[in-house]
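Letters A, B, ... mirror the listed sequences (proteins, then strands); counts begin at 1.
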Amino acid sequence: MNIIIVNHADETMSDFLQELNPSQLKAVRHTEGPLLIIAGAGSGKTRVLTYRIAYLLREGVAPHQILALTFTNKAAGEMKERIAHVTGERAASQVWAGTFHSIFARLLRYEAEHLDYTSSYSIYDAEDSLSVVKNIMNSMGYSQQQFPPQAVRGRISSAKNQMIGPREYAAQASNLAERQTAEIYIRYEERLRANNAMDFDDILLNMIRLLQRYPEILQKYRERFRYIMVDEYQDTNRAQYTAIRMLAGGHNNIAVVGDDAQSIYKWRGADIRNILDFQKDYPNAETVKLERNYRSTKAILAAADSVIKRNKRQLDKTLWTENSDGEPVRVIQAWDDRQEAAQIAEIIRCEISENFRNMRDFAVLYRTNAQSQALEDALRRASLRYTIVGGMSFYKRKEIKDVLSYLRLLVNQSDSESLLRIINEPSRGLGSVSLGYLQDFATRENIPLFEAFMRVADVPALMPRARKSAADFAAFIRRFAERVQRGESIVEIAVEYIEATGMPNVLREERTDEAEDRLRNIERVLSNIGEYAAHEDNPTLEGFLQQISLAADIDDTDASANAVTLMTLHSAKGLEFPTVFVAGLEQGLFPLARTENDPDEKEEERRLFYVGITRACKQLFLSYAERRFRFGELAFNEPSCFLDEIPSDTLEWKRGDSLRRTPKSADASRPAPFITRHNSQFTKPARTEKPFYDDIPRNESYSQLPPPANSRPNIRAGQRVRHAQFGIGTVNSVVERTSGEWQAVVQFQNVGRKQLLLRYAKLEIIG
DNA sequence: TGGCCGAACCTGGTG
DNA sequence: GGTTCGGCCA
């Protein structure tokens, strides 16, 4: 019986190998020694990774010896699913596949004591660590106006990504902001340590520390993970790179997959050198290029190619496809952001009703999360279901973060940050004064804040009411913590514990729809715990919290739901859709204003555009609006320079029928776009109502209109200007006031943001 | 101690 | 347009 099964599996396997093209096959079969796979967009790299794992399993490698590091948990899950198809559920579930953070966090829980953490350490997300930074800055008396905590946290995080510790950072600080960041950095590290907490960066750094400090542990994991694979290698940072090098040292069975053209995370520490120098790091490395694209039409690929070839620094490769030519890439011009969204919704509606397409075939990609608003409104009006990735996700909501903080405190009473978050949620009558006494005491005694709550007798300054309140709170936490230690069911404990916090009752009494929503959200967390406990062999609250903390926005999007997907271009990496819209192609928005003067940043924006284009299989739409609301103001923008980088013979321009059209002077600096009039697939002639699109060339449409009454000034968002009094600055937006006056919002280098009426302020454009 | 109001930020992307 | 934060008052 066994033999038959093995034979069958073997047969399936061979079948799969036959599906691979020569390069893919080479990558799958190269199992020993270092391997660099340069995988162009849509070249089937997930298939290669999946079959490579299946192949290793067939060669007799045990599943737990394989470590596959992916960019998102979702990608890891999909990979496991596909492996299961080839080799069966059992083996697939034992493969170590996940993100750097989730895999390392898991290992660190086993090894926590070696680094003076406990296995129930808390994981702080960006928001948690920001609030630590704020607390520290307040205690040091730094003004948040002068030194934005966001920026301080950003500097600390990027130092950590480059593996620069607080002392080293202090030593190389070159200006006031950096010197102050250094001071905060030192305290930040102490604070997290005292809280038995790690931020996202610490998970990587502590893994490295562990491997450096304990050779026997390093040896253990080198033997455990005999085969290592890394996806999206172009987006690894210094810390990730170092951890991989250590783990792969010895056997050197490391296969990395990446595409330098899709490197879009430099801003968070990704180091493109990691992929460019792979052959230097591993001298006997084999390189395989996957250049055949299976995803997109020739038209889409041609557009992508013409864009990316403007970047200077890149590995040599040429994508090709045997897919059909496909439809031309279409550019949608809109009057404003609302109309842009309406046109997108209308196209989707049309495609669904006339070409029997599914809602899940469509994705709308944008540069900034703020753009989702108008799109959501338009889709709702068109009665189209949508799912939105990122933005205000479930686990970022206040009530959810409160529940999670309560749970964190339950397993980790050193976590003063969580304690502070929930102590007055609901209000327990402990104001800043009482909390101040308790914190002072904790600092003096060098104990966690929670311990001060347990020792209120030693804090004489407390008023009787506050004293009782603090003592009651400590007793309440202790009572439930003991139940956790006794090993009672975590689901039961969590349900009773959250009820006992008093939060649900407060919400019930509120009797508003919003409170109802929040209550339901809390219930959803509790049922998530139930779900987690049902799937896990050894469910713990720590495990649940870890899984939640490290979930990415993209991870909990449900691919089976039939809905239009809205997300940022960054989130779209690794995905594909039959029809893709890239919205908001405007100067100052995409590419973003501040990247215009920096060639490196502009190249990264261009790669992001390339990523967007190559998500599309069959249809690609690019859209822009002439004006849009940003910062609550109407801003005017030129079409993105990226549009000029696509050859005009693959493009087709479409202008939405404006409901209101306000004059705008013709822009003679741009050539008239190429217009194809013979394409009938797009404009539906059969429709009886007025067509939504017309073939008006954009310049013509303006020139037919009467000259503007109060003509638009020359100044554009993104430009650098000089003001006689305020000095040099960058234009944020140019706005027409209801009075008809034109106003510019300028961010000056020295004096901050100013609103200037162009009639009075003489601004000199300098770049 | 907590709630209300206006000012000032924001929107650059994420595990 | 939304959110967050600090100041002021009951």
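Looking at the side chain of A:Leu592, the nearest of the listed nucleotides B:dG12, B:dT1, B:dT14 is B:dG12. In this structure, of C:dC5, B:dG15, B:dT14, it is B:dT14 that holds the atom nearest to the side chain of A:Trp267. Which of B:dG13, B:dG15, B:dT11 sits closest to the side chain of A:His101 comes down to B:dG15. For A:Thr368, whose side chain is taken as the heavy atoms from C-beta onward, the closest listed nucleotide among C:dT4, B:dG15, B:dG12 is B:dG12. Of all nucleotides listed (B:dG13, B:dG15, C:dT4), B:dG13 comes nearest to the side chain of A:Arg367. The side chain of A:Ser434 has B:dT1 as its nearest neighbour among B:dG15, B:dT1, B:dG12. For A:Val433, the side-chain atoms get nearest to B:dT1 when compared with the rest of B:dT14, B:dT1, B:dT11. Counting only heavy atoms from C-beta on, A:Tyr265 has its side chain closest to B:dT14 among B:dG12, B:dT14, B:dG15.
Atoms CZ (A:Arg628) and P (B:dT11) sit 17 Å apart, rounded to a whole Å. In this structure, the CG atom of A:Asn424 is 9 Å from the P atom of B:dT1, given to the nearest Å. Between A:Arg238 atom CZ and B:dG15 atom P there is a gap of 23 Å when expressed in whole angstrom units. We find that CG of A:Asp337 is positioned 12 Å from P of C:dG1, with the value rounded to whole Å. Whole-Å rounding puts the A:Glu425 CD to B:dG3 P distance at 10 Å. Whole-Å rounding puts the A:Gln150 CD to C:dT4 C1' distance at 11 Å.
Across all strands, A:Asp201 comes closer than 4.0 Å to base atoms (heavy-atom distances). At a threshold of 4.0 angstrom between heavy atoms, the contacts of A:Gly390 with the nucleic acid are absent. Among the atoms of the strands shown, only primed sugar atoms or phosphate atoms (P, OP1, OP2) are found under 4.0 Å from some heavy atom of A:Ser427.
The base of B:dG15 is not paired with the side chain of A:Asn73 by any donor and acceptor separated by under 3.5 Å.
A heavy-atom distance below 4.5 Å is found between the side chains of A:Leu569 and A:Phe590. No side-chain heavy atom of A:Arg338 sits less than 4.5 Å from a side-chain heavy atom of A:Arg628.
Atom OG in A:Ser120 sits 9.0 Å away from atom CZ in A:Arg109 (nearest 0.5 Å).
Of the charged side-chain nitrogens involved, none lies within less than 4.0 Å of a carboxylate oxygen, so that A:Asp472 and A:Arg428 do not count as a salt-bridged pair.
For the P atoms, the distance linking C:dT4 with B:dG13 amounts to 15 Å, nearest Å.
A:Lys573 forms a cation-pi arrangement with A:Phe71, by the criterion of a distance under 6.0 Å to the ring centre and an angle within 45° of the ring axis.
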